[in-house]
Amino acid sequence: MFSYLFRKLRFLKFQKENQEAKEKKSHKQDAKIHKDLKSNLETFEKILGKSDDVVIRKMEIGKNTKIKVALIFMDGLANKNAINENIILPLMYYADFPEEDKHSKKNFQALESSLLSVGEVEESNSFNQLVDKCLYGDLVFLVDGFKDAFIIDAKGWDSRNISEPTNEVTVRGPREGFTETLRVNTSLLRRKIRDPNLTFETVKLGERTQTHVSIVYLNDLTNPKIVETLKERLKTIQIDGILDSGYIDEFIEDAPYSIFSTISRSERPDTVASKILEGRVAILVDGTPIALTVPMLFIESFQSPEDYYSRSYYSSMVRMIRFVSFFISILAPGIYIAITTFHQEMIPTPLLITMVESRAGVPFPAFLECLVMVLSFEILKEAGIRLPRSVGQAVSIVGALVIGESAVSAGLIGEPMVIVIAVTAIASFVIPDLSDISGILRLIFIGLAGLAGAYGIILGLLGMTIHLINLESFGAPFLSPLIPLDLQGMKDAFDRFPLWTFNRRPKALKAQDTMRQKFWKGTKQNFQNKQ
């Protein structure tokens, strides 16, 4: 009761502080452009400060009628070559105005229509908008005597080239992966889905970083409620900076206290495109190659892009191996502890004699022995990931071999325990998306097995199942298509049916258009017709 009241009071306090911050921000008046160029430049210098990367180029243009102008851009964010060739050069050598009056509207229009040889030009009189565009790589063009300024697209920062994803490697399929540049990522999706209904909506998150976040969906396919829910949750994010998509998913997920993530992640454009075609919404964040997709189903963690590029028989077999590997990675140590500590009668006599001989002289109980081995494995794995690749692989492999062999020789660890932990480690690498979750569940089941044996493991499985049943992701049941049962969705659950059987989209996504493809007659009839 007291805990509930404390949380309620803390929430009300936070809501009040957030409202006061919004009101304070709304009271800030947006300064407007003046006619005087000198005054405008002083305002820019006051806002941007004396930063070395701010470039202000002042000059006079016009053959007969001289007009003072200024170009403002960020060194490193704007393309200097494009600015010199397409903006400064035409202004310096070819500027000629139709009116002798400097402040004539025709002179201002002549700049945009005849002299600025660039793709995108926008007019604005807001200092906030001009500064924001300038910080994003655009060029601000101020003209003396006019209350409007030009915003010219001149972005040109260095970026990483499109390369193969490092975490989602496949043998067959596209080799493209997202980059850290938002517009490159949107173009990759546009190349995959050439549909006019593919919609990109951009919002800014982060009070100081002003990170561009793009919401991607098919306007005539995706459930509008999912899109509206996502927009509402994004609006509630009040934070100084958004540096990665990981900052966002913790704010918008349905179950923030659950170890199971209800938001999917991918760095492959083909994977994200396939999910958009099913009726999901993708979230692209400028500055990170990882895209988010919602809603997420638990079954997605066991699916791989290569499943749909290979034959259905092989894909089904591999997917079943992933399910078995997941349960091995979370249950194998716990089952070993339960059997050796509480249920020795379940072990065949020859195997029991061998295990007793191998454990002879080991001073620790099976629970402590397993716990130490699991923690050692996690330490070695973390060291292998954080160290440079050339050193990390050597440390993880040599460390495991040397420490394991030394521990067995010294009689501190039994040989069966080393085998169990090794099999568990290999199985945990089969599903990279669940490697962090499997590590937590492994420790939980080790603790339950040490307390109550097989009964503890069964209670843990029941608790995990109940928790998964209660989870939702943007209105979609997390365990769909199993619970609630969706026969059409089961064709792509535990195994992968042939693609020509996927007639409808998953029912849990509640897409506007549920029909995915027309009924396929089959190759047998086509073959008979050719005969």
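The minimum heavy-atom distance linking I337 with A366 is given by the pair CG1-O, 4.0 Å. Annotation for A476 and L297: closest pair CB-CD2, 4.2 Å, computed over non-hydrogen atoms. Counting all heavy atoms, side chain and backbone alike, L292 lies closest to S245 at CD1-O, 3.6 Å. For the pair A338 and I457, the tightest heavy-atom approach, listed with the atom from each and the gap, is CB-CD1, 4.1 Å. Closest approach of C370 to I446, counting heavy atoms only: SG-CD1, 3.7 Å. Considering every non-hydrogen atom in both L188 and G177, the closest pair reads CD1-O, 3.8 Å.
A donor atom on one side chain and an acceptor atom on the other are found under 3.5 Å apart for T211 and T209. Side-chain contact, D495 with Y313: no donor N or O sits under 3.5 Å from an acceptor N or O. With 3.5 Å as the limit, one finds no donor-acceptor pair spanning the side chains of S312 and R496. For the residue pair Q512 / T222, no side-chain donor-acceptor distance below 3.5 Å is found, with atom types taken as modelled. Counted by atom type alone, D433 and S301 present zero donor-acceptor pairs between their side chains at under 3.5 Å. When only modelled atom types and interatomic distance are considered, Y217 and E201 share a side-chain donor-acceptor pair under 3.5 Å.
A distance-only check finds a donor-acceptor pair linking the side chain of S261 to the backbone of I263 [under 3.5 Å]. A donor-acceptor contact shorter than 3.5 Å links the side chain of R172 to the backbone of Y309. A side-chain donor-acceptor contact under 3.5 Å links E168 to the backbone of E267. A donor-acceptor contact shorter than 3.5 Å is absent between the side chain of S310 and the backbone of D307. In this structure, T236 contributes its side chain and R233 its backbone to a donor-acceptor pair below 3.5 Å. For the pair S438 (side chain) and S435 (backbone), a donor-acceptor distance under 3.5 Å is present. Proximity of a side-chain donor or acceptor of S473 to a complementary backbone N or O of T262 within less than 3.5 Å is detected. Although no hydrogens or angles enter the test, the distance criterion places a donor-acceptor pair under 3.5 Å between the side chain of T501 and the main chain of P498. R280 places a side-chain N or O within 3.5 Å of a backbone atom of P295 that can act as its donor or acceptor partner. Under the 3.5 Å distance criterion, the side-chain polar atoms of D286 are matched with a main-chain donor or acceptor of L182.
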Full working for side-chain contact (heavy atoms from CB on, under 4.5 Å) between K204 and H212: CA-CA 5 Å; K204 296 178 185 177; H212 287 236; 3.8 Å; yes
Test salt bridge (Lys or Arg N to Asp or Glu O under 4.0 Å) applied to E300 and R265, step by step: CA-CA 10 Å; E300 292 180 40; R265 305 165 186 83; over 6 Å; no
Test log, rule side-chain contact (heavy atoms from CB on, under 4.5 Å), inputs L230 and I283: CA-CA 10 Å; L230 176 59; I283 306 169; 3.6 Å; yes
Audit row: I239, I242, side-chain contact (heavy atoms from CB on, under 4.5 Å) steps and yes/no: CA-CA 7 Å; I239 190 173; I242 299 292; 3.6 Å; yes
From CA spacing to verdict: side-chain contact (heavy atoms from CB on, under 4.5 Å), I151, L130: CA-CA 7 Å; I151 300 173; L130 294 175; 3.4 Å; yes
Stepwise side-chain hydrogen bond (donor to acceptor under 3.5 Å, both in side chains) test for S480 and D486: CA-CA 7 Å; S480 179; D486 178 14; 5.1 Å; no
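The shortest side-chain heavy-atom distance between T293 and I276 does not fall under the 4.5 Å cut-off. The side-chain heavy atoms of L443 and L371, taken from C-beta on, include a pair separated by under 4.5 Å. Counting only heavy atoms from C-beta outward, the side chains of L461 and F445 approach each other to under 4.5 Å. Residues L189 and F178 are in side-chain contact: their nearest non-hydrogen atoms beyond the backbone lie under 4.5 Å apart. Residues V418 and M373 have side chains in contact (heavy-atom distance under 4.5 Å, counting atoms from C-beta outward). Within the 4.5 Å cutoff, side-chain heavy atoms of F302 are placed close to those of I431. The closest side-chain heavy-atom distance from P481 to K507 is not below 4.5 Å. Taking 4.5 Å as the limit, some side-chain heavy atom of I335 sits within range of a side-chain heavy atom of I339.
If you take CG on L77 and NZ on K155, they are separated by 10.5 Å, rounding to the nearest 0.5 Å. Interatomic distance, Q303 CD to S274 OG, rounded to the nearest 0.5 Å: 8.5 Å. Note that CG of N470 and OG of S258 are 10.5 Å apart. Values are rounded to the nearest 0.5 Å. Note that CG of L462 is 14.5 Å distant from NE2 of H467, once rounded to the nearest 0.5 Å. Rounding to the nearest 0.5 angstrom, the gap separating the CG atom in L471 from the CD1 atom in I466 is 12.0 Å. Taken from CZ in F497 to CD in Q488, the straight-line distance is 9.5 Å, to the nearest 0.5 Å.
The pair D270-K192 fails the salt-bridge criterion, with no side-chain N (NZ, NE, NH1 or NH2) lying under 4.0 Å from an Asp/Glu carboxylate O. Salt-bridge formation is detected for the pair D492/R319: a Lys NZ or Arg NE/NH1/NH2 atom is positioned less than 4.0 Å from an Asp or Glu carboxylate oxygen.
Atom CZ of F429 has more than 12 neighbouring heavy atoms from other residues, nucleotides or ligands inside a 6.0 Å radius. By the 6.0 Å contact criterion, CZ on R175 is enclosed, its count of non-hydrogen atoms from other residues, nucleotides or ligands being greater than 12. Under a cut-off of 6.0 angstrom, the local environment of NZ in K225 is sparse, with at most 12 non-hydrogen atoms contributed by other residues, nucleotides or ligands.
For R516, the side-chain contact (heavy atoms from CB on, under 4.5 Å) partners are E278, F502, R505, P506, not counting sequence neighbours.
Under the 30°/60° scheme for interplanar angles, the aromatic rings of F298 and F326 are found to stand perpendicular.
Checking D195, D513, T199, V281 one by one against L218, the side chain to side chain contact (heavy atoms under 4.5 Å, CB included) holds for a single residue, D195.
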